[in-house]
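Report on one structure; see the data block that follows.
Computed from a predicted structure; not experimentally measured. Here is the naming used below: chain letters follow the sequence lines, and residue numbers restart at 1 for every chain.
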There are 2 protein chains.
Amino acid sequence: MNRSDGPSVKAVHTSLDVLRVVADLDGAGVSEIASRLDRSKGGVYKHVRTLTDRGYLVEDGTTYRPGLRYWTLGTDVRDRLVPEQVKSTVDDLSASIGHAVALIVYEAGIAAVVYSRVPSDTAIQPIVEGDSLPLHATAAGKAVLAYLPEDERETILDGDLAAHTNATLTDPAAVKDALETVRERRLAEDHGEYVADVEAIAAPVIGANGYPFGSIAVTSRPEELLDGNLEADASLVVSASKSLENVWAD
Amino acid sequence: MNRSDGPSVKAVHTSLDVLRVVADLDGAGVSEIASRLDRSKGGVYKHVRTLTDRGYLVEDGTTYRPGLRYWTLGTDVRDRLVPEQVKSTVDDLSASIGHAVALIVYEAGIAAVVYSRVPSDTAIQPIVEGDSLPLHATAAGKAVLAYLPEDERETILDGDLAAHTNATLTDPAAVKDALETVRERRLAEDHGEYVADVEAIAAPVIGANGYPFGSIAVTSRPEELLDGNLEADASLVVSASKSLENVWAD
DNA sequence: AAATATCGTTCGCCGACTGTGAACGACGGT
DNA sequence: ACCGTCGTTCACAGTCGGCGAACGATATTT
């Protein structure tokens with residue numbers, strides 16, 4: 001259950017397990033948490049009280065649910081990651097390309113949408129801020145994956161490549177082939193591999209040390225990107241990603 | 001430092017202290033955290049490793065900073081609190097009133113902005129999503145404060161009423177008077193008491209049990225609200241707050 | 001209405017874990 | 001070459017985390 005084998009504080013792991021269960025169930029009582037974690041009620045109770053006192057959980061009658069603290073802390077994290085200038089770059093790209101644009105940050109195996117901009121005439125948003133995207137099944141994820149150090153990439157590809165649609169690449173070798181193409185063009189594509197009837201292209205944002213910081217992606221309905229002038233759109237995305245690399249001297 | 005005196009897990013408090021320091025400093029190393037908390041480096045090290053293994057902290061060279069997990073968890077909390085229908089109500093109010101509208105949720109002594117909508121022609125946003133507002137110095141906060149149970153309200157008013165501008169009410173008695181007026185009109189006002197040159201009106205959103213769930217606020221530049229037809233705008237806000245009470249059968 | 005089940009909460013005990021302080025190698029500045 | 005500081009490791013000792021039993025209250029069942 002714990003990822004590393006280094007030094008650790010067991011009681012903290014327990015508390016984080018409690019938080020995870022409560023978040024997964026969107027609210028739970030002491031007994032339910034205890035049975036899911038296979039722990040005593042008395043022990044869980046102490047953790048729940050501690051987390052409530054600190055605002056990480058809120059007591060709602062007889063159940064506990066994650067507190068607003070996550071929201072305020074979460075926006076702080078996001079704001080530090082995405083300065084105003086970065087938002088402008090995304091806004092500009094969205095305006096000139098006429099499609100929804102999302103900014104993705106990669107961290108500890110997770111690719112999260114930290115900012116997005118949709119043209120006012122776009123009906124629904126396929127991906128929204130706060131989403132965590134599968135690395136192998138999205139353009140944004142593949143853009144990151146292609147530029148990860150080889151060992152880290154292998155670890156991910158050897159993991160579970162879940163199928164989200166019947167177009168999802170679930171074979172590690174197939175994904176590796178696709179990543180080869182991504183590196184050649186500095187551009188990743190997704191043809192309904194995560195959400196059916198949604199296509200996307202994405203370019204990586206690479207830090208000064210060569211490690212991918214994230215990616216910037218354009219999403220649209222099928223045929224709109226590819227049937228249009230893909231090359232022109234692609235070059236806009238790539239140049240936006242390069243300008244982000246300059247701003248993002250993190 | 002801990003709020004309650006009930007049962008608690010000390011090791012968890014320590015970890016949360018570590019998280020707090022790292023968040024406050026926007027990144028810190030083991031030694032700095034240890035000295036701020038007056039603890040041993042070795043002990044802090046174990047906590048930092050544990051939190052990193054779980055994704056709550058990320059190792060950035062020699063310093064640690066809060067992880068993206070807060071952002072993804074935070075948006076989950078927000079999305080559960082603010083269903084799509086609630087967003088529509090806020091959007092509609094903003095469109096018809098022509099000013100920025102914010103939705104505030106109150107929880108465990110904190111009033112946080114969970115959703116906001118600004119007209120496209122508005123230059124800057126005085127308050128943004130994720131902000132935590134002072135209860136005594138904002139219209140949104142006073143709307144909540146006025147409808148809290150008396151003992152909870154007293155506890156807050158006896159605390160620190162920090163001055164944010166020279167218009168901020170810092171005297172508990174003065175705030176109590178203002179809250180009396182709020183209850184009479186079901187409407188709170190703020191005349192540059194939190195941010196200079198920003199005025200706001202807000203109406204409370206009260207749950208079925210009588211406990212305030214939060215509030216809905218309209219912000220604008222000075223004179224724009226009050227010199228216009230305040231009464232008409234106020235009634236729009238109040239009716240929006242009542243429609244939220246129906247939707248928000250939490 | 002009585003009986004039963006299940007809830008959250010309290011409490012004492014014991015073994016295991018947390019936290020300390022010292023020591024170490026690696027850097028970086030002087 | 002020296003000193004200061006960094007993150008990391010380790011063994012020890014006292015503390016405290018977690019278990020399990022018991023309690024009253026509430027909900028459900030018979």
Please, what dot-bracket string fits DNA chain D when only Watson-Crick and G-U pairs with both distances under 3.5 Å count, crossing ones use [ ] and pairs to another strand use |? ..||||||||||||||||||||||||||||
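Partners of B/Y194 under the ring pair (Phe, Tyr, Trp, His ring centres under 6.0 Å) rule, at least two apart in sequence or in another chain, are B/H164. Residues satisfying the side chain to side chain donor-acceptor pair (under 3.5 Å) test with A/Y115, not counting sequence neighbours, are A/D91. Not counting sequence neighbours, A/D177 has no partner by the salt bridge (charged side-chain N to carboxylate O under 4.0 Å, His left out) test. In this view, A/E152 satisfies the salt bridge (charged side-chain N to carboxylate O under 4.0 Å, His left out) rule with no residue, not counting sequence neighbours. For the side chain to side chain contact (heavy atoms under 4.5 Å, CB included) test, residues two or more places apart in sequence or in another chain that qualify with B/A28 are B/L25, B/E32, B/I33. B/E129 is linked by a side chain to side chain donor-acceptor pair (under 3.5 Å) to B/R78, counting only residues two or more places apart in sequence or in another chain. By the salt bridge (charged side-chain N to carboxylate O under 4.0 Å, His left out) test, A/E180 pairs with A/R183, sequence neighbours left out. By the salt bridge (charged side-chain N to carboxylate O under 4.0 Å, His left out) test, A/K176 pairs with A/E154, sequence neighbours left out.
Look at B/R80 and A/D26 and you find a salt bridge, because one of the NZ, NE, NH1 or NH2 atoms lies within 4.0 Å of a carboxylate O, short of that distance. No salt bridge links A/R153 with A/D158; every basic N to acidic carboxylate O contact stays at or beyond 4.0 Å.
Of all nucleotides in DNA chain D having an atom under 4.0 Å from a heavy atom of chain B, the first and last in 5' to 3' order are D/dC6 to D/dG17.
Atom CD of B/Q85 is surrounded by 12 or fewer heavy atoms from other residues, nucleotides or ligands within 6.0 Å.
Counting non-hydrogen atoms under 4.0 angstrom, B/E59 reaches the backbone sugars and phosphates but no base.
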For nucleotides 28-30 of chain C, which of its nitrogen or oxygen atoms have a protein nitrogen or oxygen under 3.5 Å away, and what is each distance?
none

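Using a distance-only test at 3.5 Å, with no hydrogens or angles considered, a donor-acceptor pair links the side chain of A/N209 to the main chain of A/Y211.
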How does protein reach along nucleotides 15-22 of chain C, written 5' to 3' as B (base within reach of a heavy atom under 4.0 Å), S (only sugar-phosphate), or - (no contact)? --SBBBB-
